[in-house]
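Quick caveat: nothing in here was measured; it's all calculated off a predicted structure.
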Amino acid sequence: MMVIEHTKLKKEQRTKIFSNVIFKRPINVVIQTTDHKICGNVHVRPDDRLRDELNMSEPFLAVTDATIFDQNEQVLYKTKFIAVNVAHIIWLLPQDEINPSQDEK
């Protein structure tokens, strides 16, 4: 019995990896690319703005819980994760800042 516990202890010690944890808050966004509209969450550091996340030197923007629409607003895909090429983003806006147009009121 002592040998089993010792083996278990060694295995647990080997699997523990300490790394810096980066906490981010999700922002529900709408992204327009040249051919598609993407609705999902972009994760931003607590003290950063959405724009700061876009201005990082990373070529791809991670989007979680995404729905991808075609040009006719038809759903093409739903996925837990998609990496969007930042060079293909035409515009991006937070969902909570969308105001209806005067015609829709």
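- In plain terms, the two heavy atoms of Leu76 and His36 that are nearest each other are CD1-CD2, 3.4 Å.
- For Lys37, the salt bridge (charged side-chain N to carboxylate O under 4.0 Å, His left out) test picks out Glu73, with sequence neighbours left out.
- With sequence neighbours excluded, the residues that form a salt bridge (charged side-chain N to carboxylate O under 4.0 Å, His left out) with Asp65 are Lys80.
- Residue Val63 is tested with Ile82, Thr79, Ile68 for a side chain to side chain contact (heavy atoms under 4.5 Å, CB included); the sole match is Ile82.
- In this structure, the side chain of Asp70 engages the main chain of Asn72 through a donor-acceptor pair within 3.5 Å.
- Residues satisfying the side-chain contact (heavy atoms from CB on, under 4.5 Å) test with Phe60, not counting sequence neighbours, are Ala83, Asn85.
- Remark: Leu54 pairs with Leu61, Ile89, Leu92 by the side-chain contact (heavy atoms from CB on, under 4.5 Å) rule, at least two apart or across chains.
- Through direct or relayed side-chain contacts under 4.5 Å between Ile, Leu, Val, Met, Phe, Trp and Tyr, Val75 connects to Phe69.
- Evaluation of the salt bridge (charged side-chain N to carboxylate O under 4.0 Å, His left out) rule for Glu97 yields no partner, not counting sequence neighbours.
- For Arg45, the side-chain contact (heavy atoms from CB on, under 4.5 Å) partners are Ile22, Lys24, Asp48, Met56, not counting sequence neighbours.
- In the hydrophobic cluster analysis, where Ile, Leu, Val, Met, Phe, Trp and Tyr join through side-chain heavy atoms closer than 4.5 angstrom, Ile27 is grouped together with Ile31.
- Take Thr67 and apply the side chain to side chain donor-acceptor pair (under 3.5 Å) test, not counting sequence neighbours, and it matches no residue.
- The minimum heavy-atom distance linking Leu93 with Ile98 is given by the pair CD1-CG1, 3.0 Å.
- When all heavy atoms are compared, the tightest approach of Val42 to Glu53 is CG1-CG, 4.1 Å.
- Annotation: side chain to side chain donor-acceptor pair (under 3.5 Å) contacts of His88 (sequence neighbours excluded): none.
- Every residue meeting the salt bridge (charged side-chain N to carboxylate O under 4.0 Å, His left out) condition with Asp52, not counting sequence neighbours, appears here in chain and number order: Arg49.
- Apart from Phe81 itself, the hydrophobic cluster it occupies contains nothing, where clustering links Ile, Leu, Val, Met, Phe, Trp and Tyr at side-chain heavy-atom distances under 4.5 Å.
- For Asn28, the side-chain contact (heavy atoms from CB on, under 4.5 Å) partners are Asn41, Gln95, not counting sequence neighbours.
- Looking at every heavy atom in both residues, His43 comes nearest to Thr64 through NE2-OG1, 2.9 Å.
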